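Let me begin by presenting the structure, written as structure tokens, before commenting on it.
When reading the values below, keep in mind they use all heavy atoms of this one structure, side chains included, and skip hydrogens, waters and symmetry mates. Since the model is a prediction, treat every value here as computed from it, not as a measurement.
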Amino acid sequence: MSVRRLGAIAGTALLLAACAAGPDYRAPQVEVPVSWQLEEPWRRAAPGDALDKGPWWQRFGDAELDRLQQQALRNSPTLTLASARLTQARATLSAADAARYPQLGLGARASRLKISANRPLTNYATQNFSTVQNDFALSLNASYELDLAGRVQRSVEGATASAAQSAADLENTRLLLTTDLASAYFNLRATDIELDVLSRSIALQRRALELVTARHDLGAVSGLDVAQQQALLDSTLAQVDVLKKQRSQYEHALATLSGTPAPRFALAADLRPIVPPAIPLGVPSEALERRPDVASAERAMAAANAQIGVATAAFYPSVMLAPMVGVDSRMIETLFDAPSLLWSVGVSATQVLFDGGRIRANVDFAQAGYEGTVANYRRVVLTAMQEAEDGITGLAALDRAVTQSLAAVDSARRVLDMATSRYEGGASTYLDVISAQQSLLVAERQATQLQGQRLLTSVFLVKALGGDWCGVESRSASASADARTDCPAPLRRVAGTR
């Protein structure tokens, strides 16, 4: 076969390679609402150009939270694992992409050999002789698979999508790590404030116990009043131990999330109030674009679609080009002389004629895998919509509940003052004072818990919206004045809401 004919075959094969087996990837259409269901205290607002473009947790304005988040991003083994998986996926992509190019190899041989005189004859008219001689050879080999059915192309497409999926998984891991840490931190802070409420209630109840004991010693009241106040105090003291247990669990969770052994981690109590930041809301489609779990599910579809092409390509012939050029001589000084030159050019092709349905089964398996990723993508999108709506409606409801709970605390304090005055004036029994103390404690704890829930719901909404609402591009260019105008916020929460 002439070199010209081989070139024609190769050219034809390259033209055929442009037609890759399997379907081209098209992202499925998912029904996305055009807007969120909004209620007070949400409203339309202008873009927040003056908002900080840094990581989302910095918007809460808590230096200790910022420190813990940075420590977690540096030391978290979960984040390190996700980063290692991304590195592996990129290495797999490089390996798949290498199949686009010819594989070159250099071979060398140096040997001294003896040929047997008693070897089988190749010609009855010629007698065999035994010889001892050297053999020196040097060769350059090449091999290249003609991608007739697009198997290599689909493999590269799949590896590219898998690498992008791993990158999205890393971002999702980072988002989950930071939101989990923020949730544990706000739970701990809310528990500290609730413990302070109990501490102040215990101080109030101790003073009341001293007062009623003194009145009992003077014979003004019965021992029942003293016993009732002591029972209330004991019950409140028992609640302290329960809250301390919960606080230690939140503290241990913070230690693990920040990559610190729990026995070496301690966080001092901080009673400063934290107000959730204003959280802008874009349209639902923008939220989906920001969520890394949605991006990961979409890239998984692309990778699964490419696997259909890889499996389908097995129906078509596999064609390999394998040219070789080298030199071979029995004497090293003549190794590079013209008579020592040798070469070969060849094409090999293989075609499966019968495999018992193995290839078809592989195609069906890949097709089912793709359909599974489509279903998973739609599930992730629906979950994203649900979580965002839960966060939006939850924050609105909690804002109203916090306002009402603070009013309830004020009312409970007035009731306690009135009950105490009536008791001291002999107009009511001490049971009214006990009930007022219990009501005040319940109201104050409820207000504290609701404020903590509002913080947790803010974190939940941040996670539902995909993290920092200004996006990675704005975050990386935050030093630029122009970049500060690229943070859209067509919908946002009313600033200054308690």
Should the pair [X]-[Y] be classified as a salt bridge under the 4.0 Å nitrogen-to-oxygen rule?
{"X": "Arg291", "Y": "Glu387", "value": "yes"}
{"X": "Arg174", "Y": "Asp169", "value": "no"}
{"X": "Asp196", "Y": "Arg200", "value": "yes"}
{"X": "Asp192", "Y": "Arg189", "value": "no"}

Keeping [X] on the side-chain end and [Y] on the backbone end, is there a donor-acceptor pair under 3.5 Å?
{"X": "Ser155", "Y": "Arg151", "value": "yes"}
{"X": "Thr383", "Y": "Arg379", "value": "yes"}
{"X": "Arg299", "Y": "Ala163", "value": "no"}
{"X": "Gln446", "Y": "Ser405", "value": "no"}
{"X": "Arg85", "Y": "Leu170", "value": "no"}
{"X": "Asp293", "Y": "Asn172", "value": "no"}
{"X": "Gln449", "Y": "Glu194", "value": "no"}
{"X": "Ser296", "Y": "Pro292", "value": "no"}
{"X": "Ser235", "Y": "Leu232", "value": "no"}
{"X": "Ser166", "Y": "Ser162", "value": "yes"}

- Ser183 OG to Leu254 CG distance, which is reported to the nearest 0.5 Å: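 Here the interatomic distance stands at 10.0 Å.
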Could you check whether any side-chain heavy atom of [X] comes within less than 4.5 Å of a side-chain heavy atom of [Y], counting everything from C-beta outward?
{"X": "Leu450", "Y": "Gln404", "value": "no"}
{"X": "Leu65", "Y": "Gln70", "value": "no"}
{"X": "Leu198", "Y": "Leu243", "value": "yes"}
{"X": "Ser201", "Y": "Glu444", "value": "yes"}
{"X": "Thr260", "Y": "Phe265", "value": "yes"}
{"X": "Arg206", "Y": "Leu237", "value": "yes"}
{"X": "Asp270", "Y": "Glu64", "value": "no"}

- Keeping to residues at least two apart or across chains, list the ring pair (Phe, Tyr, Trp, His ring centres under 6.0 Å) pairs with something in residues 151-176.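 Sorted result for residues 151-176: empty, none.
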- Task: Give the C-alpha distance, both sets of side-chain angles, the deciding distance and a yes or no for side-chain contact (heavy atoms from CB on, under 4.5 Å) between Thr178 and Leu73.
- Result: CA-CA 8 Å; Thr178 55; Leu73 293 176; 4.1 Å; yes
- Message: Restricting to non-hydrogen atoms, name the atom on Ala184 and the atom on Ala253 that form the minimum distance, rounded to 0.1 Å.
- Response: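 Minimum heavy-atom contact is CB-CB, 4.4 Å.
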- Task: Report the residues that fulfil ring-ring contact (aromatic ring centres under 6.0 Å, His included) with Tyr185, sequence neighbours left out, ordered by chain and then residue number.
- Result: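 Here no residue qualifies.
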- Candidate pair Ile274 and Arg272, rule side-chain contact (heavy atoms from CB on, under 4.5 Å), full reasoning: CA-CA 7 Å; Ile274 301 177; Arg272 293 175 301 167; 5.9 Å; no
- Task: Check the pair Thr403 / Arg400 against side chain to side chain donor-acceptor pair (under 3.5 Å), numbers first and verdict last.
- Result: CA-CA 5 Å; Thr403 301; Arg400 295 191 298 269; over 6 Å; no
Which side-chain N or O atoms in residues 435-443 pair as donor and acceptor under 3.5 Å with protein atoms at least two apart or in another chain?
| from | atom 1 | to | atom 2 | distance (Å) |
| --- | --- | --- | --- | --- |
| Ser435 | OG | Leu431 | O | 3.0 |
| Gln437 | OE1 | Gln229 | NE2 | 3.2 |
| Ser439 | OG | Ser435 | O | 2.9 |

- Do we see a donor-acceptor contact under 3.5 Å between the side chains of Arg67 and Gln71?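 Yes - a donor-acceptor pair under 3.5 Å links their side chains.
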- Query: Given the rule in the side-chain contact (heavy atoms from CB on, under 4.5 Å) test, do Thr373 and Tyr370 qualify, once you have shown the distances and angles that lead to the verdict?
  - Reply: CA-CA 5 Å; Thr373 59; Tyr370 172 73; 4.0 Å; yes
